[in-house]
Amino acid sequence: MKKRVKNILVIIGLICLSVGTVFVAKEKKEDYEIVSTIKNSHDNYESVTISVVVNKRKYDVETMLYDISSSYWELHENTDEIHIRLFNGKKAHEKGIVFVEERFFKEY
């Protein structure tokens, strides 16, 4: 009888561990991830090229581009030009398949 209870508790523990693993795996990712930045400077002009992996399946491209450029300019106010390259997922980034490219210029 004691062995049976012990076996049942072990099985219940394994089930709880499995369920917990599934919830951790489905943890919400950020909408996008900056995977690389290349900065160029000449005299007083600074430009940057940002490669971004988007983690959402459905999104508004213009809004995403605006959010990325705004966030970057908040941290790097001296940047005059931002060139953003969006990739739809890590596999697209690994294959070099750019979904959209856009340039933003600082307004003075």
Side-chain angles (χ1 to χ4, degrees):
M1 183 74 174
K2 289 182 181 182
K3 248 186 180 178
R4 190 173 196 176
V5 172
K6 184 177 178 182
N7 288 341
I8 291 173
L9 289 176
V10 168
I11 291 172
I12 291 173
L14 290 173
I15 291 172
C16 290
L17 184 63
S18 298
V19 170
T21 303
V22 169
F23 283 117
V24 169
K26 288 188 175 187
E27 185 177 320
K28 187 175 187 248
K29 293 182 180 181
E30 296 293 324
D31 291 344
Y32 63 88
E33 175 185 353
I34 296 176
V35 290
S36 71
T37 57
I38 301 171
K39 223 179 234 192
N40 296 312
S41 296
H42 182 65
D43 292 334
N44 289 334
Y45 191 81
E46 187 176 293
S47 66
V48 66
T49 300
I50 305 173
S51 295
V52 180
V53 171
V54 180
N55 296 321
K56 296 174 79 174
R57 290 191 185 267
K58 294 181 182 180
Y59 61 95
D60 181 50
V61 175
E62 289 182 25
T63 303
M64 183 67 68
L65 289 168
Y66 177 78
D67 289 346
I68 294 167
S69 64
S70 297
S71 297
Y72 191 85
W73 263 314
E74 283 180 19
L75 298 173
H76 308 278
E77 295 174 357
N78 294 334
T79 304
D80 299 297
E81 176 186 352
I82 299 176
H83 177 213
I84 300 174
R85 301 174 71 214
L86 284 185
F87 297 89
N88 284 334
K90 288 189 178 190
K91 288 183 181 178
H93 179 258
E94 291 169 0
K95 293 179 181 179
I97 303 170
V98 178
F99 178 65
V100 68
E101 291 187 57
E102 189 70 40
R103 289 188 187 274
F104 295 89
F105 298 93
K106 187 174 186 177
E107 295 177 7
Y108 294 97

Least distance between heavy atoms, S71 atom then Y32 atom: OG-OH, 3.5 Å

First locate atom NZ of K106, then atom NE2 of H76, and finally report the distance between them rounded to the nearest 0.5 Å. 12.0 Å

Could you give the distance from CZ (R85) to NE2 (H83), rounded to the nearest 0.5 Å? 6.5 Å

Is there any side-chain hydrogen bond (donor to acceptor under 3.5 Å, both in side chains) pair reaching into residues 88-97, and which pairs are they, with sequence neighbours excluded? Y59-N88

hydrophobic_cluster_shared for V100 and I34, side chain cutoff 4.5 Å: yes

Could you give the distance from CD1 (I68) to CZ (F104), rounded to the nearest 0.5 Å? 8.5 Å

Distance in Å, S70 OG paired with L75 CG, rounded so as to fall on 0.5 Å steps: 11.0 Å

When rounded to the nearest 0.5 angstrom, what distance separates CE in M64 from CZ in F99? 10.5 Å

Anything under 3.5 Å between a donor and an acceptor, one on a side chain of residues 48-55, the other on a protein residue two or more places apart or in another chain? List them.
residue: S51; atom: OG; partner: S36; partner atom: OG; Å: 3.3
residue: N55; atom: ND2; partner: E30; partner atom: O; Å: 3.0

Hydrophobic cluster identity match, Y72 and V61, side-chain contacts under 4.5 Å: yes

Can a salt bridge be assigned to the pair R103 and E81 using a cut-off of 4.0 Å between side-chain N and carboxylate O? yes

Whether over 12 other heavy atoms sit under 6.0 Å from D60 CG: yes

To the nearest 0.5 Å, what is the distance between OH on Y66 and CD1 on I84? 12.0 Å

